[in-house]
Amino acid sequence: MTRSIAWQDGAIEAVDQCALPHEYRTLRLSTVDEVIDAIQRLAIRGAPAIGVAGALAVALSARAHTRDGVCDEIAVRTEARRIADARPTAVNLSWAVRRVVDKLGGGADAVLAEAVAILVEDEERNRAAAGEAAKLVRRLCGPEPLRLLTHCNTGRLATVAWGTALGAIRLLAGEGHVTEVLFGETRPLLQGARLTAWELAEAGIPHRMLVDSAGPAALAAGMVDCVLVGADRVCANGDVANKIGTYSLALAAARAGVPFVVVAPESTLDTTLRSGADIVIEERAPAEVTAFGGVEVAPPGTGVFNPAFDVTPAELVTAVVTESGVFRPTGTAEERAS
Ligand SMILES: CSC[C@H]1O[C@H](OP(=O)(O)O)[C@H](O)[C@@H]1O
């Protein structure tokens, strides 16, 4: 499967996710600032993908700050902090940056080798997580072809390749287990409408798009057999931060008695955080909401609340599935519900 990001001739090459679905083009990024910009405007997006981009950006920094074979570690660490801070919610970014910074003692080549290792592992780990999730869904829902609901984009674009929740859907569809995939458009940046629609069409998987607020209605109408979503950070107690709109799907799934399965690599687990109350939720620019397709739709000066993510409490999550299988939250049932 084609990779969404690569290290090529001393620079990062990545699919420009802002251009899809109407244009498939590649960005070539050769400076830390170019990578930070690409992450912040979601040209590169998706928790695993931004982790890999962050790691490769540190490799760019280490190469730029190496003279006569000596790497200026202080300068690189300073830039690494800027890279890790590019977006606050997905733990994969800070996790990947920390992992490659730990290799600074071996110089720029060691940093690059670790970043490339993270890239290669990402594809393997997400394919394994998708496989574990597909097995669980079949166990939970039986052998009949399924009507699945997903949110945002968790496919090969959001990872190095294959995907997490959408990777599991891809596997289930390949085995003939999928009747239809419903997915939310994912306002305001339309990752569903632009990217998930593109991936499902490319894979030949039957699909229909919803406005985000129709997801709970589809669940209430009995149109869904299982919900599969990704994650940006999973806490020790099993609380899950994911794209805004995930929480309302989890509430509706619980009421409808439909399994709600989260699929993510272990790099998305953050057991240093006790619960979702500790997660920093990225708030983005009001203009993303007040304009649509470049046209102002709200009166000038309209106030906006634009969180990019929400937190789904563990008690609404049927299972968090990683490459190692079902994640076992720590803490008592009371702590998990807190
Ligand atoms: C496998 S991608 C995980 C996660 O990342 C997305 O957020 P964004 O598009 O803002 O980068 C979304 O929450 C996905 O579920």
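Position 1 is the first residue of the sequence, and the numbers go up from there. Read the numbers this way: they start at 1 and go in the same order the structure lists the ligands and their atoms.
Residues forming a ring-ring contact (aromatic ring centres under 6.0 Å, His included) with W95 (at least two apart in sequence, or on another chain): none.
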As a test of reading the model: which N/O atoms of the protein lie under 3.5 Å from N/O atoms of ligand 1, and at what distance?
unit_1: ligand 1; atom_1: 5 (O); unit_2: A47; atom_2: N; d: 3.4
unit_1: ligand 1; atom_1: 5 (O); unit_2: D232; atom_2: OD1; d: 3.4
unit_1: ligand 1; atom_1: 5 (O); unit_2: D232; atom_2: OD2; d: 3.1
unit_1: ligand 1; atom_1: 9 (O); unit_2: R45; atom_2: NE; d: 2.7
unit_1: ligand 1; atom_1: 9 (O); unit_2: R45; atom_2: NH2; d: 3.2
unit_1: ligand 1; atom_1: 9 (O); unit_2: Q191; atom_2: NE2; d: 3.0
unit_1: ligand 1; atom_1: 10 (O); unit_2: R87; atom_2: NH1; d: 3.4
unit_1: ligand 1; atom_1: 10 (O); unit_2: R87; atom_2: NH2; d: 2.8
unit_1: ligand 1; atom_1: 10 (O); unit_2: K243; atom_2: NZ; d: 2.7
unit_1: ligand 1; atom_1: 11 (O); unit_2: G46; atom_2: N; d: 2.9
unit_1: ligand 1; atom_1: 11 (O); unit_2: R87; atom_2: NH1; d: 3.0
unit_1: ligand 1; atom_1: 13 (O); unit_2: D232; atom_2: OD1; d: 2.6
unit_1: ligand 1; atom_1: 13 (O); unit_2: N242; atom_2: OD1; d: 3.2
unit_1: ligand 1; atom_1: 13 (O); unit_2: K243; atom_2: N; d: 3.1
unit_1: ligand 1; atom_1: 15 (O); unit_2: N242; atom_2: OD1; d: 2.6

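Formation of a donor-acceptor pair under 3.5 Å by the T154 side chain with backbone atoms of L166 is found in this model. Formation of a donor-acceptor pair under 3.5 Å by the H151 side chain with backbone atoms of I244 is found in this model.
Tested against V111 for a side-chain contact (heavy atoms from CB on, under 4.5 Å), the candidates D102, V58, L60 yield a single pass: V58.
The side-chain heavy atoms of M223 and L149, taken from C-beta on, include no pair separated by under 4.5 Å.
Using cut-offs of 30° and 60° for the angle between ring planes, the Y24 and W198 rings count as parallel.
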